[in-house]
Amino acid sequence: MVTNYDAIIIGAGHNGLVCSFYLAKKGLKVLLLEAQDKVGGAAVTDEFLPGFRNSAASYTVSLLNPKVIRDLDLARHGLKVVLRRTDNFLPGEEGDYLLSGRGGLTRAEIVRHHAEDGPAYDRYMAELETVVPLIRKWILKAPPEAGAGLGGLPSILALGRDLVGLSTAEVRTVHEYATKSAGDILDRHFRGDLAKALFGFDGVVGNFASPYAAGTAYVLLHHLFGEAAGVPGAWGHAIGGMGAITRAMAKAAREAGVDIILNAPAEEIIVDKGRAAGVVASGKAWRAPQVIAGINPRLLFTKLVPQGAVPQPIHDHLTRWSCESATFRMNVALSELPRFTVKPETGDHLTGGIIIAPSLAYMDRAYDEAKQGGWSKQPIVEMLIPSTLDSSLAPKGMHVASLFCQHFRYELPGGKSWDKVRDKVADHVIATVDRHAPGFAASVIGRQIHSPLDLERRFGLVGGDIFHGKMGLDQLFSARPMIGAADYRMPLAGLYLCGSGAHPGGGVTGAPGHNAAQAVLADRKPWRRRA
């Protein structure tokens, strides 16, 4: 039996859901195929111990695009986001700490450590005010297509217009943040190690790199363009966990008329007369003139696009698409809140991102240790305790915490298996937190572990890469996923990419889904259809 649709989307992660909504709202008959037994991809909530729930992979809210939130009317569909009461808490190495947050808290804390870092913070924020708005302008646009000739001229002109009015010094600042390392920029501004660590963390989170690697300044920026609960640059928590976001998206999509089929893993892209013409899933053929994939581009072209459907150089390029974020992800159930040596009382600091990485040198060592030995002896850990903001996640008086950890290689030296060392590494991570908060290990009454291999197995994150491909300079903007295919149209007619392997990259943004839908809709206009 063959069932026909106008468009078929592979993967009901947040970008697939967003894309399906925009297409259905324009009157298309849309099918969304999901391999798992629930929607959400990596943005899901699990009950990992009876009575204890938490976000399973992605774990915090800021980058979700405001236009997507409004268009899908996510609040009406059940989404509620609350702000952290303190943005971040960094325990230091010498008995001190640093807090960050709104109302001047960040600057005051930085000055508490080094008075001269106050004016440095002002200069740094002024630079960000030059660069971040430019990034925001391009979140919901396709990058200029290199080599597109006259067809790419509008995008190139739009990019040029966005730079009009900037001084030479400001253009120089934009170039530095687009190409340099986070460490180089932060060392230029600040004296304090904790101040540098506060900002430098964003350059390595989900990014297997030293903070002194070229391109990490852009990754830092990538984590700054968002907002939460309407507050620019803030981070928040979705009540009920990240699954609340994708459940609300699924309600919006179904209301718009999208058919969502679960437990339907895609097996092959149907190619007919040189173009994508449908999908085989669970042994059944589904036909559509436009197929959109919300999966990693390497997975798409090595597993689903038939051999020979695209020229060999294109196949080879996407087969070599670099994927590794060196991320180890845990949830733990806690009998009590942790008490940190440097700030032992309970309070608002426990609602923030607790970053165990007190200096850029610490982050640099963590990268080197993982590069040599497979994982960091002193890992970078961000811990969130969302039950301090959301009592629905744990029994009364108890808590859940997420631990997002760097750097842990996908391939371990000596052919070691993640299945054999997973628990040992989890113990290592918990011991790292326990050194800063004695008694933490004893308070852990259950845990959920996702090694890089587990992230690949469960969520299709190739190489354990949470961004569907490294966010290096060679895999960004017009080169994501490759030069000549950065406008969401893949090198096979009728095939599109709507996942994080497309511009603007990773994070729960909804932007690739939004932008891919615009490409699909544009190509349905008779004068825009490709052969």
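Residues satisfying the salt bridge (charged side-chain N to carboxylate O under 4.0 Å, His left out) criterion with E456, sequence neighbours excluded, are absent altogether. Partners of D368 by salt bridge (charged side-chain N to carboxylate O under 4.0 Å, His left out), not counting sequence neighbours: none found. Partners of E109 under the salt bridge (charged side-chain N to carboxylate O under 4.0 Å, His left out) rule, at least two apart in sequence or in another chain, are R112. Looking at residues two or more places apart in sequence or on another chain, you find no salt bridge (charged side-chain N to carboxylate O under 4.0 Å, His left out) involving K377.
The existence of a salt bridge linking D427 and R447 is confirmed by a sub-4.0 Å separation between a basic side-chain nitrogen and an acidic carboxylate oxygen. Between R172 and E170, no side-chain nitrogen of the basic residue sits less than 4.0 Å from a carboxylate oxygen of the acidic one, so the salt-bridge criterion is not met. Remark: K470 does not engage D465 in a salt bridge, criterion side-chain N to carboxylate O under 4.0 Å. One finds a salt bridge joining E116 and R191 here, because a Lys/Arg side-chain nitrogen approaches an Asp/Glu carboxylate oxygen to under 4.0 Å.
The closest donor-acceptor contact from the side chain of T351 to the backbone of T388 lies at 3.5 Å or more, if one exists at all. Here the side chain of N207 pairs no donor or acceptor atom with the backbone of A209 at under 3.5 angstrom. For E47 (side chain) and G51 (main-chain N/O), a donor-acceptor pair under 3.5 Å exists by modelled atom type. A donor-acceptor contact shorter than 3.5 Å links the side chain of R298 to the backbone of W321. Side-chain N or O atoms of H399 include none that pairs as donor or acceptor with a backbone N or O of P395 at under 3.5 Å. Side chain of D390 to main chain of G240: a donor-acceptor pair is present (N/O by atom type, distance under 3.5 Å, no hydrogens or angles).
Ring centroid separation for the pair F340 and Y97 does not come in under the 6.0 Å cut-off. Checked against the 6.0 Å centroid threshold, F328 and H450 do not count as a close aromatic pair. Taking the six-membered ring for Trp and the full ring otherwise, the centers of F208 and Y367 sit less than 6.0 Å from each other. Ring centroids of Y121 and F190 are separated by 6.0 Å or more, keeping the two rings apart. Checked against a 6.0 Å centroid threshold, the rings of F477 and W138 count as neighbours.
Looking at heavy atoms from C-beta onward, L497 lies in side-chain contact with P481 at the 4.5 angstrom threshold. Side-chain contact between V433 and L403 is present, with at least one heavy-atom pair separated by less than 4.5 Å.
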Exercise. K141 and D487: salt bridge (charged side-chain N to carboxylate O under 4.0 Å, His left out), yes or no, with the steps?
Worked result: CA-CA 9 Å; K141 297 180 184 177; D487 63 353; over 6 Å; no
For this session: In sequence, state the C-alpha distance, the side-chain angles, and the governing distance for F404 and Y59, and then conclude on ring-ring contact (aromatic ring centres under 6.0 Å, His included).
Result: CA-CA 9 Å; F404 189 89; Y59 61 102; 5.0 Å; yes
For this session: Could you walk me through whether Y362 and D193 pass the side-chain hydrogen bond (donor to acceptor under 3.5 Å, both in side chains) test, one step at a time?
Result: CA-CA 10 Å; Y362 180 105; D193 282 339; over 6 Å; no
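Counting only residues at least two apart or in different chains, salt bridge (charged side-chain N to carboxylate O under 4.0 Å, His left out) contacts with residues 118-133 comprise R107-D122, E127-R188. The salt bridge (charged side-chain N to carboxylate O under 4.0 Å, His left out) pairs that include a residue from residues 51-67 are K67-D71, where partners are two or more places apart or lie in different chains.
The closest side-chain donor-acceptor pair between S210 and D364 falls under 3.5 angstrom. Using a 3.5 Å distance cut-off with no hydrogens or angles, the side chains of D184 and S181 do pair a donor with an acceptor. Counting only N and O atoms by type, the side chains of R84 and T60 include a donor and acceptor under 3.5 Å apart. Under 3.5 Å, the side chains of Q406 and S376 contain no donor-acceptor pair of N or O atoms.
Contact between C323 and N296 at its shortest, heavy atoms only, is SG-ND2, 3.4 Å.
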